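This report concerns only the one structure given below.
We count residues from 1, following the sequence as given. Since this is a predicted model, take the numbers as computed values, not measurements.
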Amino acid sequence: MYDIVIIGAGTAGLSAAIYGVRAGKKTLVLDGAFYGGQIVNTQVVENYPGIKSVSGFDFVYGLYTQATELGAEYKNEKVVGINKLEDGIEVVSENGKYMAKTVILAMGGSNKKLGIDREVELTGRGVSYCATCDGAFYKGKDVAVIGGGNTAVDDAIVLSGYCNKVYLIHRRDTFRAQEVLVERAKSKDNIEFIMDSTVSKFLGNDKVEGIEIQNIKTGENFSLDVAGVFVAVGVQPATDIVKELVKIDDNGYIVADESCKTTVPGIFVAGDVRTKEVRQLVTAAADGAVAAIAATQYIDASM
Ligand code: NAP
């Protein structure tokens, strides 16, 4: 019997693990992918208080080593189900079953798709969801980034470092991304902003050779020759395994307030998968702490 089983080894999950083990609780972290979550795809993190600049990977590696050296167990196992039983909570992974007194849901999300024709077929053949992972394949070439959030603007800046030209295509005339990032992107000579526009079609046969774009204000259609398209249109919360268990809101996020308590006693939620206004690294870490403390109090109260 574990005290706390955490599903997801991103910033929220690993922060929860640090707080869980430091409270003396037997803590297990399960993740079907390599630990790290979304932040491993961010080249440079410059907005985590106290750390001027760090790569996303180094940041999360620090969290991982801190959690495991303190005594948290980590297993690279995909969780496929969670059942609330009379004597605890059963967590079912592809490799086995674990019993827990409490569970912290920290699954984050996966990249949203654009939803246009041939997107899936061309993924890996010019369509990518990770500039940090795939950007180097497009050295010296022209590429497009789709989206107007922090990820898209961040991606455009990263790609401008080795691509010939980067088109940043956003469906509105203002960005959701932080102003400091937008200003940095504007200072790059090889980033061109294409506003009020959406991609309507991928061009090319077995790989991307261009895109067709529509200006949604004027209705004008035009095409661009690009070898790569980086889609950064947000994150889909990963709630499949719990949608019958805890309350989910209309946008797919797990309902919980700042206490990180879900609608099921003993099950807590942390990070981007929770209903919240601000999804940042620092709020993910904060959620991890709050959820682990709440789990600890729940365990201690039931002893
Ligand atoms: P996001 O903030 O949700 O932004 C998604 C962007 O994609 C929005 O600009 C949205 O347009 C656009 N979009 C959505 N669906 C679209 C579609 N079908 N076609 C065209 N455009 C579409 O997502 P994100 O940038 O991935 O960021 C996710 C979270 O992580 C955010 O909270 C962000 O702040 C955070 N993040 C933080 C850091 C950091 O702290 N360093 C780095 C990266 C990300 P609209 O604006 O019109 O809705």
Side-chain angles (χ1 to χ4, degrees), residues 4-23 25 27-76 78-79 103-112 129-133 149-151 154-155 177-178 181 232 234-239 242 253-254 256 258-260 262 268-296:
I4 306 174
V5 171
I6 298 163
I7 325 283
T11 300
L14 291 171
S15 300
I18 291 168
Y19 274 76
V21 283
R22 281 176 57 86
K25 303 301 176 203
T27 302
L28 169 67
V29 186
L30 296 169
D31 197 318
F34 196 63
Y35 65 82
Q38 292 168 60
I39 201 63
V40 289
N41 299 327
T42 298
Q43 189 109 329
V44 190
V45 176
E46 292 176 333
N47 58 1
Y48 196 87
I51 303 175
K52 262 194 197 164
S53 179
V54 64
S55 77
F57 180 80
D58 285 348
F59 176 82
V60 92
Y61 182 69
L63 276 180
Y64 171 78
T65 50
Q66 191 178 356
T68 51
E69 283 173 15
L70 282 166
E73 265 182 76
Y74 164 75
K75 293 189 183 189
N76 182 207
K78 186 177 177 189
V79 173
V103 164
I104 297 176
L105 307 170
M107 294 88 73
S110 54
N111 297 312
K112 274 190 192 159
Y129 299 85
C130 179
T132 309
C133 323
N150 281 329
T151 305
D154 224 19
D155 285 358
Q178 291 162 8
L181 284 179
V235 171
Q236 185 71 40
T239 52
V242 290
Y253 294 97
I254 297 170
E258 297 302 314
S259 71
C260 295
T262 70
F268 303 86
V269 57
D272 284 3
V273 77
R274 175 171 82 81
T275 48
K276 55 157 85 177
E277 286 294 319
V278 182
R279 292 192 171 80
Q280 292 285 301
L281 212 48
V282 67
T283 60
D287 267 14
V290 172
I293 291 168
T296 299

Nearest-0.5 Å distance that lies between atom [atom1] in [X] and atom [atom2] in [Y]:
{"X": "Phe268", "Y": "Leu105", "atom1": "CZ", "atom2": "CG", "result": "10.0 Å"}
{"X": "Ile39", "Y": "Leu14", "atom1": "CD1", "atom2": "CG", "result": "12.5 Å"}
{"X": "Ile4", "Y": "Tyr19", "atom1": "CD1", "atom2": "OH", "result": "13.0 Å"}
{"X": "Thr132", "Y": "Asp155", "atom1": "OG1", "atom2": "CG", "result": "6.0 Å"}
{"X": "Ile7", "Y": "Lys78", "atom1": "CD1", "atom2": "NZ", "result": "13.0 Å"}
{"X": "Cys130", "Y": "Asn111", "atom1": "SG", "atom2": "CG", "result": "8.0 Å"}

Would you say the side chain of [Y] lies within less than 4.5 Å of the side chain of [X], judging by non-hydrogen atoms?
{"X": "Val54", "Y": "Tyr48", "value": "no"}
{"X": "Lys75", "Y": "Leu28", "value": "yes"}
{"X": "Gln178", "Y": "Gln280", "value": "yes"}
{"X": "Ile254", "Y": "Pro237", "value": "no"}

Taking all heavy atoms of [X] and all of [Y], pick out the closest pair and write down the distance.
{"X": "Gly109", "Y": "Gln38", "answer": "N-NE2, 3.8 Å"}
{"X": "Gly10", "Y": "Asp31", "answer": "N-OD2, 4.4 Å"}
{"X": "Ala16", "Y": "Ile104", "answer": "CB-CD1, 3.9 Å"}
{"X": "Ala291", "Y": "Ala270", "answer": "CB-CB, 4.1 Å"}
{"X": "Ala17", "Y": "Ala72", "answer": "CB-CB, 4.0 Å"}
{"X": "Asn47", "Y": "Pro49", "answer": "O-CD, 3.5 Å"}

- Decide if atom OH of Tyr61 counts as having more than 12 heavy atoms of other residues, nucleotides or ligands within a radius under 6.0 Å. no
Any donor-acceptor N/O pair, [X] side chain to [Y] backbone, under 3.5 Å:
{"X": "Tyr74", "Y": "Tyr35", "value": "yes"}
{"X": "Thr11", "Y": "Ala284", "value": "no"}
{"X": "Thr239", "Y": "Tyr253", "value": "no"}
{"X": "Asp154", "Y": "Leu181", "value": "no"}
{"X": "Asp287", "Y": "Gly271", "value": "yes"}
{"X": "Arg274", "Y": "Ala106", "value": "no"}
{"X": "Thr151", "Y": "Gly149", "value": "no"}
{"X": "Asn76", "Y": "Ala33", "value": "yes"}

- Query: So Phe59 and Thr42, side-chain contact (heavy atoms from CB on, under 4.5 Å) or not? Walk me through it.
  - Reply: CA-CA 10 Å; Phe59 176 82; Thr42 298; over 6 Å; no
- Query: Checking side-chain contact (heavy atoms from CB on, under 4.5 Å) for the pair Met107/Val242: CA distance, chi angles, key distance, verdict?
  - Reply: CA-CA 10 Å; Met107 294 88 73; Val242 290; 4.0 Å; yes
